[in-house]
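Each chain gets a letter, A, B and so on, in the order the sequences are listed, and its residues count up from 1.
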Amino acid sequence: MSVTIPRRQIRSPLFYRLHRYGVEALCLALGFLLAVWSLAPLYNMWKIALETHEGIFGGSIWLADPSFEAFRVVITQDFWYLERFWHQFGNSFIVGLSVTFLTLGIASLASFTVGRMRLRNGWMLTNAALMTYVIPASFLAIPIYRIMNIYGLGNHLSSVILALTTFATPYAIFIFSQYGKSIPMELDESARIDGANPLQIYYRIYLPLMAPALVAVGTYALLLAWNEYLYNFLLLSTPQSMTVAVALAQFLNSDESPWNFMMATAIIYALPPIILYYGFRRYMAAGLTMGGVKG
Amino acid sequence: MSVTQQALAVGRATVASRTRRHAWFGGLHGADYIWAIAFALPYIAIFLFFVIYPIAFGIWMGSDIALYEQLYSDPRYLTAVLNTILYVVIGVNLKMFLAFMLSGFFFRKGWWVKGLMVIFILPWATPALPAYMSIHWFLNGQWGMLNNILYELFGIDGPVYLNEHWSGLASNIAAYIWKTLPFWTVILLAGRMAVPQELYEAAAVDGASRLGKFAHVTLPLMANLYLVCVLLDMVFALGDFNSTFFVSGGGPAMSTEVLATLGIRYAFTVALPNLGVATVMSALPVLIPLVIILMRRLRPSEGQL
């Protein structure tokens, strides 16, 4: 009885070199396709924004004669949709910052009480947060709209702030409790022996040590609030209370469609979150997560 | 990213539960207990006022059986159900498969792969509203960039994508994939990176081929993460409002609406809020099992966050 030993086929070095080049070429081709796929709609946005009004309907792929006219119009609020552009920009900032700080405060307190103080039945809080995380926000839009009117918050920024905080806290609680596990319990205990009360432990030990998680979650909450559309649209309808997202979508109601103005507005609206995202990507990866934005 | 942490935590949960830490001196007493309650109160208040109350309110609004009879005889609703199913099933699974493949691609080393990642992540970093608006004009039949490119390169007049049911729906799905593919690729990439290198070495020692390593190391270890990602994205896709609303606008003649957009349209354009709630609530038979499975899978370990 003979035993056959499986033997690797040995090929010439040239084969391996060609094979490697072939693989590399295929990868480059795939990479090129990916870059085109990712950039095409964004290029389209810039092209329309930099086009003159006539150029939009020219049918050319490349930008013949870039003009910053549309950006000038947006920045100087020189169009009737954009009369309060900077005010609305400010509204977006207020909403974003409020949601960020409310989320950080509420979620860090909740994770402290469940993860560190071990509140009895704290698991109910965990489950409540998880459930909120997996319920689509758009499914609750209609009742929340009605409820905000019952609370008397219609057309007030606080309605959007509260609604978006509700949807940002569950993820924040989740990340905080994950991160909190890396902080030794002994710190809390020694602080208690020294006579610190829970508030002091939270404020002087828990929060400073949670700094990386706070930054990551803060970025997440700010991006969520800035990028959100549906709740902004439903809850804020007067030009005074609108945020940029709502003002931007208003262009779609127009028949004469000043596309270049619309795209210039869109770019100005999209730049802060993009910069924030890239600015904190590395930090967040080092801290705990690589991006931290809910889909 | 959120889901990486969660999904990776699923695997670690069993390990973590074995090393339970002791509570503060064996439980809370007196003033500490009051502090703990006080710290939990803000979240409890948010949850009661803005989650429980709206859910109860919604159930009350959509509790009339007649609403569902009305929906069942409404062809636009039936189309929206079909669209939602296609959107969720095709959109999520196609994207997750692509993301899984691409995570292998980005696992390669090399400076240009890293640089490409920075570009590749851009659709995710861009807010949904401007991105989908741009795609809407990109696909415009007359002046859109895509048809201009097709004309320049091949001399053909492309179709009017957003003026027909199936191509409109496909456009919405493609836009959703474009926007969220980077996110899931990064998560699956993190999952690949978490696979211990020793396992591949051990497999190599046992004579496994590349395919063998993929089939017997990568696939089994990634299966759980992949499943969680699919389920989670199904929930996200089910509730996705922006891509349909901004890319096709639900048109032509409301033929590309999904449940999330149709509900909002009934409630705010047609001013039938109860019908809108009923439209959304008709997704509950699918949503509730998904939510229960996800809650069980994402929960890090018993009793602790």
Next item on the list: Against chain A, label B:Leu287 side chain, backbone, both or neither, depending on which of its atoms sit under 4.5 Å from a heavy atom there.
Entry: side chain
Note to self: Within this structure, what is the CD1-CG distance for the pair A:Ile142 and B:Asn274, rounded to the nearest 0.5 Å?
What the structure shows: 9.0 Å
Notebook entry, point to check: Do you know the tightest heavy-atom contact between A:Met117 and B:Asp32?
Noted result: CE-O, 3.5 Å
Check: Checking heavy atoms, do the side chain of B:Met133, its backbone, both or neither come under 4.5 Å from chain A?
Finding: both
Next item on the list: Please check if atom CE in B:Met117 has more than 12 non-hydrogen atoms from other residues, nucleotides or ligands closer than 6.0 Å.
Entry: yes
Notebook entry, point to check: Where on B:Leu122 is there a heavy atom nearer than 4.5 Å to chain A: the side chain, the backbone, both, or neither?
Noted result: both
Next item on the list: Quick one: closest heavy-atom pair of B:Gly239 and A:Ser138, and the distance?
Entry: O-OG, 2.7 Å
Notebook entry, point to check: Going by heavy atoms in the side chains, are B:Met101 and A:Leu30 under 4.5 Å from each other?
Noted result: no
Check: Please walk me through it: do B:Val51 and A:Thr166 pass side chain to side chain contact (heavy atoms under 4.5 Å, CB included)?
Finding: CA-CA 8 Å; B:Val51 180; A:Thr166 308; 3.4 Å; yes
Next item on the list: First locate atom OH of A:Tyr229, then atom CG of B:Asn242, and finally report the distance between them rounded to the nearest 0.5 Å.
Entry: 8.5 Å
Note to self: For the CE atom of A:Met131 and the CD1 atom of B:Ile55, what is their distance to the nearest 0.5 Å?
What the structure shows: 4.0 Å
Notebook entry, point to check: Hey, which of B:Met145, B:Met61, B:His136 has the most heavy atom pairs under 4.5 Å with chain A?
Noted result: B:Met145
Item checked: A:Tyr133 vs B:Leu232, side chain to side chain contact (heavy atoms under 4.5 Å, CB included): CA-CA, chis, key distance, verdict -> CA-CA 10 Å; A:Tyr133 184 68; B:Leu232 197 57; 4.3 Å; yes
Checklist line | Shortest non-hydrogen contact between A:Leu119 and B:Ile37, atoms and distance | finding: CD1-CD1, 4.0 Å
Notebook entry, point to check: A:Ile150 versus B:Tyr53: any side-chain heavy-atom pair under 4.5 Å?
Noted result: yes
Margin query: Does any backbone or side-chain atom of A:Ile275 lie under 4.5 Å from a heavy atom of chain B? Answer side chain, backbone, both or neither.
Written below: neither
Note to self: Can you tell me how the ring of B:Phe50 sits relative to the ring of A:Tyr151, calling it parallel under 30°, perpendicular over 60° and tilted otherwise?
What the structure shows: perpendicular
Notebook entry, point to check: Hey, which of B:Ile149, B:Ile135, B:Leu41 has the most heavy atom pairs under 4.5 Å with chain A?
Noted result: B:Ile149
Next item on the list: Against chain B, label A:Asn197 side chain, backbone, both or neither, depending on which of its atoms sit under 4.5 Å from a heavy atom there.
Entry: side chain
Notebook entry, point to check: Is there a donor-acceptor pair under 3.5 Å between the side chain of B:Ser134 and the backbone N or O of A:Pro41?
Noted result: yes
Notebook entry, point to check: For B:Leu181, is it the side chain, the backbone, both or neither that has a heavy atom under 4.5 Å from a heavy atom of chain A?
Noted result: side chain
Notebook entry, point to check: Which heavy-atom pair separates A:Asn127 from B:Met295 by the least distance, and what is that distance?
Noted result: O-CE, 3.5 Å
Item checked: chain A contact via B:Leu146 - side chain, backbone, both or neither, heavy atoms under 4.5 Å -> neither
Item checked: Partners passing ring-ring contact (aromatic ring centres under 6.0 Å, His included) against B:Tyr266 (at least two apart in sequence or in another chain) -> none
Note to self: So B:Phe49 and A:Ile147, do their side chains get closer than 4.5 Å, heavy atoms only?
What the structure shows: no
Next item on the list: Can you measure from OH (A:Tyr277) to CD1 (B:Ile121) and round to the nearest 0.5 angstrom?
Entry: 4.0 Å
Next item on the list: Answer yes or no: are there more than 12 heavy-atom neighbours, outside B:Phe106 itself, under 6.0 Å from its atom CZ?
Entry: yes
Check: Considering only heavy atoms, which portion of A:Met263 lies under 4.5 Å from any heavy atom of chain B: side chain, backbone, both, or neither?
Finding: side chain
Check: Using non-hydrogen atoms only, which part of A:Ala107 is less than 4.5 Å away from chain B: side chain, backbone, both, or neither?
Finding: neither
Notebook entry, point to check: Given that the side chain runs from C-beta out, which part of B:Ala40 has a heavy atom under 4.5 Å from chain A: side chain, backbone, both or neither?
Noted result: both
Item checked: Partners meeting ring-ring contact (aromatic ring centres under 6.0 Å, His included) with B:Phe47 (sequence neighbours left out) -> none
Next item on the list: Determine the option with the most heavy-atom pairs under 4.5 angstrom with chain A, choosing from B:Trp178, B:Phe138, B:Phe245.
Entry: B:Trp178
Notebook entry, point to check: Passes side chain to side chain contact (heavy atoms under 4.5 Å, CB included), B:Tyr43 versus A:Thr113? Steps please.
Noted result: CA-CA 11 Å; B:Tyr43 185 68; A:Thr113 198; over 6 Å; no
Next item on the list: Select one option (side chain, backbone, both, neither) describing which atoms of A:Leu248 are under 4.5 Å from chain B's heavy atoms.
Entry: both
Next item on the list: Please state whether the side chain, the backbone, both or neither of B:Asn140 comes within less than 4.5 Å of a heavy atom of chain A.
Entry: side chain
Next item on the list: Pick one of side chain, backbone, both or neither for A:Ala163, based on which atoms fall under 4.5 Å of a heavy atom in chain B.
Entry: neither
Check: For A:Met262, is it the side chain, the backbone, both or neither that has a heavy atom under 4.5 Å from a heavy atom of chain B?
Finding: side chain
Next item on the list: Return the set of residues passing ring-ring contact (aromatic ring centres under 6.0 Å, His included) with A:Tyr202 (not counting sequence neighbours), or none when no residue passes.
Entry: A:Phe112, B:Phe39
Notebook entry, point to check: Hey, which of A:Ile144, A:Ile267, A:Leu199 has the most heavy atom pairs under 4.5 Å with chain B?
Noted result: A:Leu199
Item checked: Contact origin within B:Trp112 toward chain A - heavy atom pairs under 4.5 Å -> side chain
Margin query: Distance check, rounded to the nearest 0.5 Å: A:Phe233 atom CZ versus B:Ile264 atom CD1?
Written below: 8.5 Å
Notebook entry, point to check: Counting only N and O atoms by type, is there a donor-acceptor contact under 3.5 Å from the side chain of A:Tyr278 to the main-chain atoms of B:Val118?
Noted result: yes
Notebook entry, point to check: Got a second to check how far B:Thr126's OG1 is from A:Met45's CE, nearest 0.5 Å?
Noted result: 6.0 Å
Margin query: For residues 32-39 of chain A, give me every residue with a non-hydrogen atom less than 4.5 Å from any non-hydrogen atom of chain B.
Written below: A:Leu34, A:Ala35, A:Trp37, A:Ser38, A:Leu39
Checklist line | Per-residue contact mode, B:Phe120 against chain A (heavy atom under 4.5 angstrom) | finding: both
Next item on the list: Name the option with the most non-hydrogen atom pairs under 4.5 Å to chain B; the candidates are A:Asn44, A:Ile106, A:Leu109.
Entry: A:Asn44
Margin query: Quick check: closest heavy atoms across A:Pro143 and B:Val277, and the distance to 0.1 Å?
Written below: CD-CG2, 4.3 Å
Next item on the list: Sort B:Phe105 into side chain, backbone, both or neither according to what part of it lies under 4.5 angstrom from a heavy atom of chain A.
Entry: side chain
Notebook entry, point to check: Which answer fits B:Ala56, side chain, backbone, both or neither, if we ask what part of it has an atom under 4.5 Å from a heavy atom of chain A?
Noted result: neither
Next item on the list: Between chain B and each of A:Leu140, A:Thr169, A:Leu102, A:Leu162, count heavy-atom pairs under 4.5 Å; write down the option with the most.
Entry: A:Leu162
